[in-house]
Protein chains: 2
Amino acid sequence: MSLSESAPRSPVRERILSTATALFDAYGVRAVGVDRIIAESGVAKATLYAHFRSKDELVLTCLQQADHNRRDYLRQMARAAGEDPRDQLLGVFDALRTITVREGFRGCAFVNTAGEMMPGTAPHTATAEHKRAVRTWLTELAAAAGAADPELLALQFSVLVDGTLAAASLHPGPAVAEAAREAARTLIEQSCPARRAKGPRAKGPRTDGPGADGPGAG
Amino acid sequence: MSLSESAPRSPVRERILSTATALFDAYGVRAVGVDRIIAESGVAKATLYAHFRSKDELVLTCLQQADHNRRDYLRQMARAAGEDPRDQLLGVFDALRTITVREGFRGCAFVNTAGEMMPGTAPHTATAEHKRAVRTWLTELAAAAGAADPELLALQFSVLVDGTLAAASLHPGPAVAEAAREAARTLIEQSCPARRAKGPRAKGPRTDGPGADGPGAG
DNA sequence: GGGCGGTCGGACAGACCTGTCCGTGCGCTG
DNA sequence: CAGCGCACGGACAGGTCTGTCCGACCGCCC
């Protein structure tokens with residue numbers, strides 16, 4: 001939704017993008033220089049600047065790609081969690097569990113990047129739009145689940161999602177995502193008046209369902 | 001708890017610390033150079049390096065000071081929320097509301113800093129310890145509130161706290177903190193078996209209770 | 001008055017950063 | 001074969017960063 005615009009395909013370009021994304025995720029945008037990106041992607045500096053006007057534009061493009069990958073992955077995991085929209089909402093936390101448990105997970109790439117930039121800059125805005133897009137999707141899911149106040153429930157889920165990514169980066173392991181999932185389940189039960197108290201809902205898929213998330217980190 | 005060690009008092013030192021904290025909060029640790037810190041604090045570079053061995057040590061000291069201030073503030077706001085431990089737990093979100101609503105709020109200073117550093121570095125470790133200390137405190141509160149599983153509830157609250165700080169930095173306004181507070185209320189009601197369903201609990205103090213939070217940001 | 005600790009202002013070294021520019025080579029197409 | 005597009009390696013400019021060092025000043029205590 002947020003974009004995709006003109007996306008020229010090129011193997012070199014993709015290599016630069018995936019290398020840059022990996023390095024940015026692992027060390028932070030500011031800590032990674034273009035020299036390192038070209039060294040690790042085996043590309044000449046002139047080539048990088050032929051494909052991207054500046055490092056900032058490269059950062060932004062990485063974020064846009066990650067936005068697409070992340071939202072795709074969330075949708076896949078939600079769908080894999082079942083037919084019931086309530087189960088699909090919980091599927092989000094199955095995705096989070098997989099993401100946060102990965103070796104080298106260092107928190108939400110969007111939030112980390114936004115934390116290094118001032119509000120109003122392109123990457124900061126892209127982060128805000130990514131989060132807003134996820135929240136909009138959560139709102140639809142919450143409405144389908146029969147939530148009394150879908151906007152509120154979606155906002156609460158957004159908080160749980162961002163909190164899971166932040167907390168898990170400092171407290172490694174699946175405990176954070178699992179606790180957040182339980183919290184989400186409670187919120188759903190309290191917020192969706194329809195046939196509640198059916199006993200503990202089926203746990204749903206806990207291990208990796210659909211394919212990988214792409215190079216995205218949190 | 002986590003520290004305080006040898007803390008030499010000096011007006012110049014305090015001035016450097018408060019200026020550095022403000023700049024780090026506003027722009028990120030990596031975006032702020034020592035030249036800017038000395039310029040805005042009106043201090044000679046040699047003086048800064050007489051008080052702090054390196055910029056890293058300055059960053060770490062700022063974080064330690066912020067840890068102290070933030071935890072103090074949370075305790076104050078919890079106490080101000082009432083006698084009932086359940087209300088005190090909700091008081092945390094009154095604090096978050098005040099924090100996130102401040103002009104120029106840019107997210108949790110700890111998480112932002114950790115996001116710029118590799119795991120294992122001093123600032124990253126300090127962030128993890130700060131969050132762990134807060135969680136330990138929340139566990140005590142949850143136990144006092146009669147939670148069936150105080151550790152779980154505290155972890156869920158940690159997620160809500162971190163999520164509120166992250167989400168509110170991208171979605172300004174009080175809505176995030178207020179939604180998180182409602183979620184917290186639901187979790188408490190479901191987790192603390194004692195006299196539940198007393199109707200909607202008193203809203204508690206919504207506006208700023210105790211004094212300022214010091215220079216801390218999120 | 002004299003010494004001294006703390007601070008100031010600024011120059012400086014060495015490293016690193018982004019972005020530009022050059023000449024070279026390789027593969028494809030006409 | 002000739003021409004062209006694309007990528008290569010690497011030098012370079014101009015700026016910024018951290019951290020060191022030096023001389024001077026100022027207030028305080030002996």
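Chain identifiers are assigned alphabetically (A, B, ...) following the order of the sequence lines, protein sequences preceding nucleic acid strands; residue numbering begins at 1 within each chain.
Atom-to-atom, NZ of A/K55 to C1' of C/dT20 comes out at 17 Å; the value is rounded to the nearest Å. Look at CZ on A/R53: it is 14 Å from C1' on C/dG19, rounded to the nearest Å. At whole-Å resolution of the value, CZ in A/R30 and C1' in C/dC16 are 14 Å apart. Rounded to an integer number of Å, the gap from OH of A/Y49 to P of C/dT18 is 6 Å. A/E57 places its CD atom 14 Å from the C1' atom of C/dT18, with the value rounded to the nearest Å. Atom CD1 of A/I16 and atom C1' of D/dA7 are 10 Å apart (whole Å). The distance between atom CG of A/L48 and atom C1' of C/dT20, rounded to the nearest whole Å, is 13 Å. As a whole-Å value, the separation of B/F52 CZ from C/dT7 P is 11 Å.
Shortest non-hydrogen contact noted between A/Y49 and A/S54 is CE2-CA, 4.0 Å.
Put simply, the side chain of A/T47 never gets that close to the backbone of A/V43: no donor and acceptor are under 3.5 Å apart.
Dashed line: the shortest gap from a side-chain N or O of A/H51 to OP1 or OP2 of D/dC6 is not under 4.0 Å.
The side chain to side chain contact (heavy atoms under 4.5 Å, CB included) search around A/V134 returns A/R71, A/L74, A/H130, A/L138, not counting sequence neighbours. Evaluation of the side chain to side chain donor-acceptor pair (under 3.5 Å) rule for B/R36 yields B/Y27, B/E40 as partners, not counting sequence neighbours. Residues forming a side chain to side chain contact (heavy atoms under 4.5 Å, CB included) with A/A20 (at least two apart in sequence, or on another chain): A/F24, A/I37, A/L58, A/C62. Listed by chain and number, the residues in a side chain to side chain contact (heavy atoms under 4.5 Å, CB included) with B/P119 are A/R106, B/H124 (sequence neighbours excluded).
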(message) Across nucleotides 10-15 of chain D, 5' to 3', mark each nucleotide with B, S or - according to how protein heavy atoms within less than 4.0 Å reach it.
(response) ------
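Few gaps surround NE2 on B/H51; more than 12 heavy atoms of other groups in view lie less than 6.0 Å from it.
A salt bridge links B/R97 to B/E178: at least one charged side-chain nitrogen sits closer than 4.0 Å to a carboxylate oxygen.
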(request) Would you sort out whether B/R132 and B/E129 count as a salt bridge (charged side-chain N to carboxylate O under 4.0 Å, His left out), showing the intermediate values? (result) CA-CA 5 Å; B/R132 195 191 46 69; B/E129 283 182 9; 5.4 Å; no
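Listed in residue order, the members of residues 34-41 of chain A having a heavy atom less than 4.0 Å from DNA chain C are A/V34, A/D35.
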